[in-house]
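Order of the sequence lines fixes the chain letters, A, B, ..., with proteins taken first and strands second; residue numbering starts at 1 for each chain. Note that these values count all heavy atoms, side chains included, but never hydrogens, waters or copies made by symmetry.
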Amino acid sequence: MKSLFKRPPRNRLAATRRSSRPVHTQPPPHPSLAIFSRLCVEGPFPAALALLPDLAAAGLRADPVSLTRLVKLCVRHGTAGDGRLIHRHVEAHGQLSHYSGGAGGGIFVSNSLVSMYAKFGLLDDALRLFDRMPERNVVTWTTVVAALANADGRKEEALRFLVAMWRDGVAPNAYTFSSVLGACGTPGVLAALHASTVKVGLDSDVFVRSSLIDAYMKLGDLDGGRRVFDEMVTRDLVVWNSIIAGFAQSGDGVGAIELFMRMKDAGFSANQGTLTSVLRACTGMVMLEAGRQVHAHVLKYERDLILHNALLDMYCKCGSLEDAEALFHRMPQRDVISWSTMISGLAQNGKSAEALRVFDLMKSEGVAPNRITMVGVLFACSHAGLVEDGWYYFRSMKKLFGIQPEREHHNCMVDLLGRAGKLDEAVEFIRDMNLEPDAVIWRTLLGACRMHKSGNLAAYAAREILKLEPDDQGARVLLSNTYADLRQWTDAEKSWKAMRDRGMKKEPGRSWIELEKHVHVFIAGDLSHPCSDTIVQELNRLIGRISALGYVPQTEFVLQDLAIEQKEDLLKYHSEKMAIAFGTMHAVGGKPIRIMKNLRICGDCHAFAKLVSKSEGRMIIIRDPVRFHHFQDGACSCGDYW
DNA sequence: ATAGGGTTAG
């Protein structure tokens, strides 16, 4: 150590040759600085922090290594105030340039301060310091780019900073690319950035790859993500997690689970992130049994809230409220998402009163609701016909919780009023709201009109939808049928022609059912399932049994112009009926039959399921895109109100 | 001194 402070013997060749680095002359540090440095290494750290203002007042500069170490400690302990204190020392007497210049490791200090501000979410402070720095290197730029890419609503800025750094002559590295790829808002930008990574030879970096996969998937380009994944030779766990998450999030639960199996074959074991995505895949496919298996692995991670929330949601969306509630009460911590999940889960499963009780409990525990919580609360009101409560929550959410009602909340209100048969009020609500109504709102109104058989208003809503989305086939079909019902044949003919001209095809109804951890898909009118013959036999048997209970096919649910026999045939092979028949054929023990479908259940299938639950003495649970139907002993949890 | 993957609604 001592030699550091001695001038090197200039005239002795051996000595100069031995040291490859130039040796600087340095005076011994001021005693206060020496104490400060020691405190930064050995602690107590508050004492080191307390010393900073005195050092600055005495015009003394703390050494960069110690300061950087202190900044890191502030980040670790979450003490942003202390971070600011260090920043003040750095800026005292105009010394910022010393702590952000290239030589002597000074820039490490400023970079760590920028990073500190970013980690505390104090982005504007980070940017202010960034602007004041006389020099910036790739780390400085990357820190800011990453912070902007991760903050919501500032993705374009992240891209602008990337361009600016490029122009400033600082080349992005793998850190920069892996951060900025998440900020791509369009396929074009992503393609350009992907090309850049190739050009600078960084596209084989695993961090860059996993970000690429994630970016493609988030933009809905599953094939793009898959291509990057397939091209990889060495994958790590995060890469696997990225692709699995991408599939799970885009609704391909089967694909996600297949990849998960491959991941295990490749010798990786799941971590919390993997399990969360696998649970989401199970949730999407209503794979309760598979989800339960995952639950066994979740037990190791008792403190992981995200994972537990995913598990909770899986039980809710698989219609198993007993499991959901048991888990909810056992969870060591609960955050807004846990509460929101439970509230929506109860509401969707027809337990609105309980959902509102849980909401009260949430408030009494001091957890602040967010806008998604309020969607669940309003949903609960609307599906229980609690018009007054709904109005109350809608009107007071701003004042009570500081949440401004947005589009989704207005939509809930239209649903609330419409469902309750207050169609005029719903229309009035749409007219008076401060937002321009979109197709979603009109579709909600349309649903209410159908429920309450209000033909004229339905046609009005359908026309509004078609103004905004001319290809909405549901609205088009409904409009044609309304005209037909009203015997307005010219209009009906015009509407049918419009459909033919657009070559519109109805999205086929699909139902999924899990059997022994495999998912079987049924498509309306498609008899290509390997067991189709026996399924048709079983369907006939069920129809025979429920006919005795009064079942008559309700052909008005076929929105096509066909002969009655053809309509009956179409009805008979609705996907959920086939799935129910498949379920009753393979029924074991007293387990409910669980089915998920992509469209909302039609009135005929609803009646069918109710009667089958009675004739077969078995519970049937059907999840449609919006809510659940628990059929038991001839009745449904939705109270025939959906 | 800088980086990638996971949860609620519609």
Side-chain angles (χ1 to χ4, degrees), chain A residues 64-65 67-69 71-72 75 99-100 105-116 118-119 137-147 149-150 172-182 202 205-215 217-218 236-246 248-249 270-281 283 301 304-314 316-317 335-345 347-348 369-379 406-409 411-412 415 438 440-441 443-444 625-626:
Chain A
V65 175
L67 284 180
T68 307
R69 197 195 305 267
V71 175
K72 270 193 136 172
V75 172
Y99 290 108
S100 55
I107 199 165
F108 284 49
V109 179
S110 286
N111 281 346
S112 70
L113 285 169
V114 173
S115 164
M116 181 273 298
K119 290 214 169 90
N137 62 13
V138 62
V139 176
T140 328
W141 283 100
T142 299
T143 305
V144 170
V145 166
N150 291 329
N173 60 19
Y175 288 73
T176 325
F177 277 114
S178 62
S179 308
V180 81
L181 279 165
L202 289 171
D205 182 276
V206 268
F207 280 74
V208 173
R209 289 265 187 163
S210 58
S211 306
L212 276 171
I213 294 171
D214 191 51
M217 301 298 230
K218 291 247 157 72
D236 68 1
L237 182 59
V238 177
V239 169
W240 279 103
N241 285 353
S242 304
I243 191 91
I244 293 171
Q249 286 165 2
N271 69 0
Q272 293 106 302
T274 329
L275 294 175
T276 306
S277 294
V278 172
L279 277 171
R280 178 154 172 174
T283 307
Y301 306 108
D304 191 320
L305 245 182
I306 296 181
L307 181 53
H308 277 78
N309 288 341
L311 184 63
L312 181 66
D313 192 43
M314 186 278 292
C316 287
K317 295 253 170 50
D335 64 0
V336 217
I337 297 185
S338 327
W339 288 98
S340 305
T341 304
M342 197 67 239
I343 291 168
S344 302
Q348 289 166 336
N370 63 17
R371 45 183 249 283
I372 296 172
T373 320
M374 296 316 295
V375 171
V377 169
L378 294 174
F379 184 96
E406 285 172 58
R407 216 161 253 298
E408 57 264 39
H409 306 106
N411 192 42
C412 288
D415 191 52
D438 62 359
V440 176
I441 297 245
R443 264 194 284 272
T444 304
V626 180

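Here the side chain of T373(A) pairs a donor or acceptor atom with the backbone of N370(A) at under 3.5 angstrom. The backbone N or O of V139(A) lies less than 3.5 Å from a partner atom in the side chain of T143(A), making a donor-acceptor pair.
Looking at heavy-atom distances under 4.0 Å, I243(A) makes no contact with the nucleic acid at all. If you check every strand for non-hydrogen atoms under 4.0 Å, V109(A) touches nothing. Nucleic acid contact for T276(A): base, since at least one base atom lies under 4.0 Å from a heavy atom of the residue. If you check every strand for non-hydrogen atoms under 4.0 Å, A245(A) touches sugar and phosphate atoms only. At a threshold of 4.0 angstrom between heavy atoms, the contacts of F379(A) are confined to the sugar-phosphate backbone, with no base atom among them. Within 4.0 Å (heavy atoms only), V206(A) reaches at least one base atom of the nucleic acid. Across all strands shown, S210(A) has heavy atoms under 4.0 Å from base atoms, whether or not it also approaches the sugar-phosphate. V375(A) comes within contact range of the sugar-phosphate backbone alone, with a heavy-atom separation under 4.0 Å but no base atom that close. Counting non-hydrogen atoms under 4.0 angstrom, D335(A) reaches nothing in the nucleic acid.
Of the listed nucleotides (dT2(B), dA1(B), dT7(B)), dA1(B) has the atom at the smallest distance from the side chain of S112(A). With distances taken from any side-chain atom of L307(A) to the nucleotides dG4(B), dG6(B), dT8(B), the minimum falls on dG6(B). Side-chain proximity of R371(A) to the nucleotides dA9(B), dA1(B), dG10(B) is greatest for dA9(B). Here dG6(B) is the nucleotide among dG6(B), dT7(B), dA9(B) with the atom lying nearest to any side-chain atom of D304(A). Of the candidate nucleotides dA1(B), dT8(B), dT7(B), dT7(B) has the atom nearest to the side chain of Q249(A). Out of dG6(B), dT2(B), dG4(B), the shortest distance to the side chain of D236(A) is found at dG4(B). Taking the side chain of T142(A) as heavy atoms from C-beta on, and the options dG10(B), dG6(B), dT2(B), the nearest nucleotide is dT2(B). When distances run from any side-chain atom of N370(A) to the nucleotides dT8(B), dG6(B), dA3(B), the shortest one goes to dT8(B). Among dG10(B), dT7(B), dT2(B), the nucleotide with an atom closest to any side-chain atom of S115(A) is dT2(B).
Between the side chain of S179(A) and the base of dA3(B), no donor-acceptor pair of N or O atoms lies under 3.5 Å. Evaluation of atom-type donor-acceptor distances gives a pair under 3.5 Å for the side chain of S340(A) against the base of dT8(B). For a distance-only test at 3.5 Å, the side chain of N137(A) qualifies as a donor-acceptor partner of the base of dA1(B).
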(message) Go through it in stages, so that I can follow the logic: the residues are N411(A) and D438(A), the test is side-chain hydrogen bond (donor to acceptor under 3.5 Å, both in side chains), and I'd like the CA-CA distance, side-chain angles, deciding distance and then a yes or no.
(response) CA-CA 10 Å; N411(A) 192 42; D438(A) 62 359; over 6 Å; no
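Across the protein-nucleic acid pair, L237(A) atom CG and dA3(B) atom C1' stand 17 Å apart, rounded to whole Å. Rounded to whole Å, the distance from CG on N271(A) to P on dT7(B) is 13 Å. Atom CG in N309(A) sits about 10 Å away from atom P in dT7(B), given to the nearest Å. Put simply, CG on L181(A) is 15 Å from C1' on dT2(B), counting in whole angstrom units. Between the CD atom of E408(A) and the C1' atom of dT8(B) there is a distance of 12 Å, given to the nearest Å. The interatomic distance linking I107(A) (CD1) with dT2(B) (C1') rounds to 12 Å, in whole Å. Straight-line distance from the OH atom of Y175(A) to the C1' atom of dA3(B): 7 Å, rounded to whole Å. The distance from atom CE of M374(A) to atom C1' of dG10(B) is 16 Å, rounded to the nearest whole Å.
Annotation: ring pair (Phe, Tyr, Trp, His ring centres under 6.0 Å) contacts of Y99(A) (sequence neighbours excluded): none. The salt bridge (Lys or Arg N to Asp or Glu O under 4.0 Å) check on R280(A) picks up nothing, with sequence neighbours excluded.
In this model, the phosphate group of dT2(B) is approached by a side-chain N or O of K119(A) to a distance below 4.0 Å at OP1 or OP2. For the OP1/OP2 pair of dG4(B) and a distance below 4.0 Å, the side-chain nitrogens and oxygens of N150(A) include at least one atom meeting the criterion. Look at Q348(A) and you won't find any side-chain N or O under 4.0 angstrom from OP1 or OP2 of dT8(B). R280(A) has a side-chain polar atom (N or O) that falls below the 4.0 Å cut-off from OP1 or OP2 of dT7(B). Phosphate proximity of dG4(B) to K218(A): absent, as no side-chain N or O sits under 4.0 Å from OP1 or OP2.
Side chains of T68(A) and V71(A) form no contact here, defined as non-hydrogen atoms less than 4.5 Å apart.
Across all non-hydrogen atoms, the minimal contact from S338(A) to N309(A) is OG-OD1, 2.7 Å.
Side chains of S211(A) and S178(A): a donor-acceptor N/O pair is absent below 3.5 angstrom, by distance only.
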